[in-house]
Colleague: 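Sharing a structure here in structure tokens format.
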Amino acid sequence: MTGTDLQTTRAEAVRSPGRWLALAVLVLAVLLVAVDATVLGLATPFLSEDLQPSGTQLLWIGDVYSFVIAGLLVSMGSLGDRIGRKKLLLIGAVAFGAVSVLNAYATSPEMMILARALLGVAGATLMPSTLALIRNIFHDPKERSLAVGIWGAAASAGAAVGPVVGGFLLEHFWWGSVFLINLPVMAVLGLVGIKLLPESRDPKPRPWDLISVFLSLIGIVSVVYAVKEAAVHGFRWDAAAAAVIGLAALYWFARRQLTLPSPLLDMRLFHHRGFSGAVLADLLTILGLSGLVFFLSQFLQLVQERSPLEAGLIELPAAVGAVGAGLMAGYLARRASVRSAVSGGLTAVGLALAACTAISASTGVVALGIALFVGGIGAGLAFTVTADVILSTVPKRQAGAASAVSETAYELGAALGIALLGTIVTGIYRGFSAPPGIPADAAAAAHDSLGGAVEAAKELPPEQGAAMVSAAQDAFTDGFQTAAAVGAGVLFATAVAAWFLLRGQKLEEGLEHP
């Protein structure tokens with residue numbers, strides 16, 4: 001028996017309770033990465049006061065983490081298939097902990113953007129490895145559906161729990177503490193993962209194509225940059241150039257994958273209607289939820305003037321809904337149908353966004369909690385079922401690459417949720433009229449961001465400061481309402497598309513024999 005065969009046998013020999021303990025380690029990793037994607041939302045006002053970023057820098061701080069993860073996931077998923085998913089996961093855990101320290105002690109907006117980007121590089125090594133290992137540990141499709149449900153619940157809940165964790169830390173410590181919590185978690189992940197996780201890899205690995213790695217990263221980051229800049233500043237030459245470069249890189253990437261004997265991503269997977277529909281639903285589910293949570297965090301603090309912890313607790317129903325729906329997703333998809341579960345989930349997220357079109361400074365906690373609970377149920381249901389569909393349509397040896405597609409959709413959705421909905425919020429916000437008599441420098445700071453308006457108001461006479469903050473809060477609310485309406489429309493349209501694309505798609509029933 002070869003070394004590779006022995007490793008494969010060991011991976012397949014993981015039995016209860018070993019495989020469930022291994023799952024617990026994987027869930028720990030995905031929970032932390034998901035928390036890190038949204039924990040910054042509540043820290044934004046504090047970070048703005050300390051580092052004083054511009055509005056554009058603030059958006060980059062918020063979403064560059066997800067952009068870089070999205071750009072590298074396919075590459076890292078393929079790398080895990082080649083060198084070993086456990087090995088890549090443990091390397092990523094060490095890097096994630098180390099770079100978290102750099103984030104915590106950033107001293108300028110530029111340093112913070114760089115640190116968040118590096119954290120994205122480390123995060124990209126973790127996410128595809130977790131789902132790929134689940135694919136190789138659990139061979140019974142029903143058992144695997146439950147495992148993916150737990151994994152999906154952790155991913156969805158992590159995005160919603162992030163504000164609660166951040167709120168607690170910000171009540172007691174400075175904003176950098178939201179990154180330092182990564183250190184003990186990653187230490188536990190590394191130490192426990194060495195003993196519990198089985199190694200798995202492609203039994204016949206081929207060389208890793210660095211040109212494809214470069215093209216996927218440049219393509220995704222450039223396209224999203226172009227969308228973001230065009231929405232905020234119009235179609236300037238830099239946005240147009242980025243769009244051309246990004247689209248050309250992605251086209252070259254796709255063409256190259258079709259000619260390589262061992263591609264980073266098998267583009268033929270997208271010929272499968274169920275696979276393509278699941279990826280689309282995956283992306284837009286998270287787009288809606290991440291945009292909602294990110295901007296609602298700022299709304300609760302800067303418009304309704306709640307404490308960080310209070311704001312985080314108000315968003316907790318989203319986590320509760322996501323966990324419950326994620327655990328039940330496989331059962332519901334088998335009892336009804338895959339397309340019913342996914343379309344229903346997308347519709348629920350759309351309804352949560354639609355409810356935010358009526359949000360105001362006087363909106364109560366109960367109304368917000370119900371909307372977030374419904375959104376959480378939708379995200380947990382749609383995201384978990386689509387992840388299961390994506391995994392079940394590929395052979396085990398391609399588990400890393402397929403997992404990376406699912407994770408790329410997740411992270412790109414998170415990034416686009418902040419970028420696209422954020423540009424709507426920012427564009428409308430910057431159009432507000434400052435009250436008469438406000439100094440030019442204060443007005444400029446106020447138009448940059450709502451956090452800037454709150455800070456600038458502290459330097460003005462109380463009456464003038466209150467009037468400027470009130471105008472800024474109204475403008476932010478108008479922007480949030482409009483962005484929510486656009487997001488709801490996108491989600492409802494995607495629910496209809498998923499109903500047709502996932503027609504006839506089923507989750508596996510019988511025991512899988514490796």
Side-chain angles (χ1 to χ4, degrees), residues 40-64 106-114 116 170 174-176 225 228-239 294-308 310-311 359-363 418-419 421-484:
L40 197 63
L42 286 177
T44 296
F46 300 88
L47 186 150
S48 297
E49 181 179 354
D50 194 7
L51 302 184
Q52 299 182 343
S54 67
T56 300
Q57 286 175 327
L58 194 60
L59 281 176
W60 274 109
I61 289 171
D63 56 31
V64 71
T107 56
S108 69
E110 294 80 9
M111 182 177 176
M112 189 67 194
I113 292 170
L114 174 62
R116 290 285 285 169
L170 292 168
W174 100 113
W175 60 264
Y225 172 83
K228 196 159 67 69
E229 288 300 299
V232 176
H233 303 296
F235 282 98
R236 303 184 312 187
W237 71 267
D238 56 335
F294 184 80
F295 292 103
L296 188 60
S297 294
Q298 295 183 57
F299 175 86
L300 292 171
Q301 289 181 90
L302 298 175
V303 176
Q304 293 196 336
E305 300 179 350
R306 300 180 187 274
S307 70
E310 187 180 5
I359 201 168
S360 69
S362 61
T363 300
I418 295 173
L421 298 185
T423 52
I424 296 172
V425 174
T426 302
I428 293 175
Y429 172 79
R430 287 180 172 173
F432 86 90
S433 300
I438 300 295
D441 56 342
H447 280 92
D448 216 19
S449 69
L450 181 53
V454 172
E455 289 304 309
K458 295 177 181 179
E459 306 299 323
L460 300 174
E463 188 173 328
Q464 271 192 330
M468 186 174 73
V469 168
S470 178
Q473 288 173 335
D474 290 342
F476 185 89
T477 302
D478 290 343
F480 187 24
Q481 290 173 341
T482 303

Colleague: Given the rule in the side chain to side chain contact (heavy atoms under 4.5 Å, CB included) test, do L302 and Q473 qualify, once you have shown the distances and angles that lead to the verdict?
Modeller: CA-CA 7 Å; L302 298 175; Q473 288 173 335; 5.8 Å; no
Colleague: Which heavy-atom pair separates Q304 from T363 by the least distance, and what is that distance?
Modeller: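 Looking at all heavy atoms of both residues, the closest pair is NE2-O, 3.0 Å.
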Colleague: Which heavy-atom pair separates G479 from V425 by the least distance, and what is that distance?
Modeller: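 The pair with the smallest heavy-atom distance is O-CG2, 3.7 Å.
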Colleague: Under a 3.5 Å distance rule, please check whether T482 uses its side chain to pair with a backbone N or O of D478 as donor and acceptor.
Modeller: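 Yes; at least one donor-acceptor contact below 3.5 Å.
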Colleague: Is E310 reaching over with its side chain to a backbone N or O of L300, donor-acceptor style, under 3.5 angstrom?
Modeller: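 No; zero donor-acceptor contacts below 3.5 Å.
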Colleague: Do you know which two heavy atoms are closest between T477 and S360, and how far apart they sit?
Modeller: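 Looking at all heavy atoms of both residues, the shortest contact is CG2-CA, 4.3 Å.
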Colleague: Can you tell if the side chain of F480 reaches within under 4.5 Å of the side chain of I428, non-hydrogen atoms only?
Modeller: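 With C-beta onward as the side chain, the pair stays apart.
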Colleague: Of all heavy-atom pairs between A453 and Y429, which one has the smallest distance, and what is that distance?
Modeller: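 Here A453 and Y429 meet closest at CB-OH, 3.6 Å.
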Colleague: Can a donor-acceptor pair be found, under 3.5 Å and without considering hydrogens, that links the side chain of Q481 to the backbone of I359?
Modeller: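 The answer is yes, because a donor-acceptor pair under 3.5 Å joins these two groups.
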Colleague: Going by heavy atoms in the side chains, are M111 and L51 under 4.5 Å from each other?
Modeller: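 No, every pair of side-chain atoms sits at 4.5 Å or beyond.
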